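Since we're looking at a predicted model, the values are computed, not measured.
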Amino acid sequence: MFKVLMIEDDALIGDMVKMFLKEEGFIVTRKTNGADGIEAHSLFNPDLILLDWVLPDMDGLSVCREIRRVSQVPIMIVSMKNKVAERVDALVAGADDFMSKPCSMHELIARANALIRRSKLSIGTDADFNAPTLSESAIAAAPVFAMKPAVSVEVPAEEKIRLDENTRSMRVHGKPVDTTYSEFEIMKCLVNHPGRVYSREDLIQTVRGIDSFVTERAIDVHIANLRKKIEDNPKEPKWIRTVWGVGYKFIPM
């Protein structure tokens with residue numbers, strides 16, 4: 001069984017979602033504020049975090065950023081907020097998915113399974129994956145990425161980008177660089193095919209789960225974040241180049 005940490009201060013919503021998740025076979029713990037949620041993350045070691053945006057002590061995006069500093073656990077924001085700019089802000093903060101309240105419990109379970117499934121496949125534990133499911137066909141529709149050896153782009157040692165798919169880690173100039181789930185998937189896609197031009201739609205299909213909210217604008221945000229992390233000058237990128245009117249490509253230097 002997989003563990004879900006829910007950080008939600010609304011008792012009615014929290015109890016309802018917790019009950020539904022438990023009925024579907026998840027182990028669930030709920031915290032009502034950001035500080036307790038951050039502490040519970042290190043103690044509970046969840047497979048997924050469901051995070052409210054508005055909390056009594058701090059906003060959910062701050063919680064997301066704090067957890068993302070030390071963990072790549074899938075994070076889904078579940079919030080009353082529903083503007084596109086707010087969804088983009090959540091992705092920038094490190095969230096992997098976003099659902100607006102009120103939401104379908106069936107859809108929430110499908111998305112939760114998709115996020116956990118992709119996370120477990122990415123770290124090589126797909127053989128142990130037996131998540132509860134409302135629809136086997138829906139879960140089967142989630143993207144599946146086969147395990148590969150560590151990917152290394154052969155460039156001079158002082159300017160090497162190295163991705164290790166087994167540990168989902170990236171090194172630039174020999175130094176570790178933290179990435180979100182979506183950023184790693186985009187980088188893996190680009191690095192595996194240097195010189196190939198990927199449209200935004202291609203990259204959307206790379207990072208999305210079942211009906212996950214991913215737009216062309218969200219892809220641009222992920223690319224901008226990656227450039228900040230790997231480029232010497234993000235405004236004049238060497239590695240991730242824009243192909244105007246089409247998308248992006250990776251150029252090993």
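- Taking 4.5 Å as the limit, some side-chain heavy atom of Leu50 sits within range of a side-chain heavy atom of Leu21.
- You'll find the side chain of Ile251 stays beyond 4.5 Å of the side chain of Lys238, heavy atoms only.
- Here the closest non-hydrogen pair linking Ser104 and Met99 is O-CE, 4.2 Å.
- Residue Asp164 comes nearest to Phe184 through the heavy atom pair O-CZ, 3.7 Å, listed as atom of the first residue, atom of the second, then distance.
- Rounding to the nearest 0.5 angstrom, the gap separating the CG atom in Asp97 from the CZ atom in Arg111 is 4.5 Å.
- Residues passing the salt bridge (Lys or Arg N to Asp or Glu O under 4.0 Å) test with Lys101 are Glu8, Asp52, sequence neighbours excluded.
- The hydrophobic clustering, which links ILVMFWY residues whose side-chain heavy atoms are closer than 4.5 Å, places Val243 and Leu203 apart.
- Between Phe98 and Trp53, the two ring planes are perpendicular [angle over 60°; tilted spans 30° to 60°].
- Side-chain contact between Ile7 and His41 is absent, with no heavy atoms from C-beta onward closer than 4.5 Å.
- With respect to Asp178 and Arg68, no salt bridge is recorded, no charged nitrogen being found less than 4.0 Å from a carboxylate O.
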| message | Ile161 vs Phe250, test: side-chain contact (heavy atoms from CB on, under 4.5 Å). Steps then yes/no. | response | CA-CA 11 Å; Ile161 292 180; Phe250 179 81; 3.8 Å; yes
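- Judged by distance alone, the side chains of Ser100 and Arg87 do bring a donor and an acceptor atom under 3.5 Å apart.
- The salt bridge (Lys or Arg N to Asp or Glu O under 4.0 Å) search around Asp15 returns Arg30, not counting sequence neighbours.
- Tyr198 places a side-chain heavy atom less than 4.5 Å from the side chain of Leu190.
- Counting heavy-atom neighbours within 6.0 Å of Met80 CE, excluding the residue itself, gives a total of 12 or less.
- A donor-acceptor pair is defined here as one N or O able to donate and one able to accept, closer than 3.5 Å; no such pair exists between the side chain of Arg69 and the backbone of Arg65.
- Two residues are said to be in side-chain contact when any heavy atoms from C-beta on lie closer than 4.5 Å; Asn113 and Glu24 fail this criterion.
- At a threshold of 4.5 Å between non-hydrogen side-chain atoms, the residues Phe20 and Leu108 do not count as touching.
- With a 4.5 Å cut-off on side-chain heavy atoms, Lys3 and Asn45 count as touching.
- The NE2 atom of His173 sits 15.5 Å away from the CZ atom of Arg162 when rounded to the nearest 0.5 Å.
- With rounding to the nearest 0.5 Å, the separation of CZ in Arg168 from CE in Met187 is 13.5 Å.
- Closest of all the heavy-atom pairs between Cys64 and Ile75 is SG-CD1, 3.9 Å.
- Residue Asp36 holds its CG atom at 10.5 Å from CG of Leu5, rounded to the nearest 0.5 Å.
- Distance CG/Leu163 to OG1/Thr179: 8.0 Å, rounded to 0.5 Å.
- The minimum heavy-atom distance between Val191 and Pro194, with the atom names listed, is O-CD, 3.2 Å.
- The pair Arg118-Glu185 fails the salt-bridge criterion, with no side-chain N (NZ, NE, NH1 or NH2) lying under 4.0 Å from an Asp/Glu carboxylate O.
- Side chains of Tyr248 and Asp220: a donor on one and an acceptor on the other come within 3.5 Å.
- Contact detail for Met58 and Ala35: the closest heavy-atom pair is SD-N, 3.9 Å.
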| said: Test side-chain contact (heavy atoms from CB on, under 4.5 Å) on Lys229 and Val172; report intermediate values, then the result. | reply: CA-CA 9 Å; Lys229 294 177 179 181; Val172 180; over 6 Å; no
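- Ion pairing between Glu236 and Arg227 fails under the 4.0 Å rule for side-chain N and carboxylate O.
- Side chains of Asn225 and Leu91 form no contact here, defined as non-hydrogen atoms less than 4.5 Å apart.
- Atom CD1 of Ile38 and atom OG of Ser71 lie 12.0 Å apart (nearest 0.5 Å).
- Contact detail for Gly34 and Asp57: the closest heavy-atom pair is N-OD1, 2.8 Å.
- Under the 4.5 Å side-chain heavy-atom criterion for grouping Ile, Leu, Val, Met, Phe, Trp and Tyr, Val221 is connected to Val84 within one hydrophobic cluster.
- Scanning for salt bridge (Lys or Arg N to Asp or Glu O under 4.0 Å) contacts around Asp47 gives Lys120, with sequence neighbours left out.
- In this structure, Val54 is a member of the same hydrophobic cluster as Ile49, with clusters built from ILVMFWY side-chain heavy atoms closer than 4.5 Å.
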| task | Take Met105 and Val17, measure what side-chain contact (heavy atoms from CB on, under 4.5 Å) needs, and give me the verdict at the end. | result | CA-CA 8 Å; Met105 290 295 99; Val17 174; 4.0 Å; yes
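- Note on Trp239: it does not cluster hydrophobically with Val197, by side-chain heavy-atom contacts below 4.5 Å among ILVMFWY residues.
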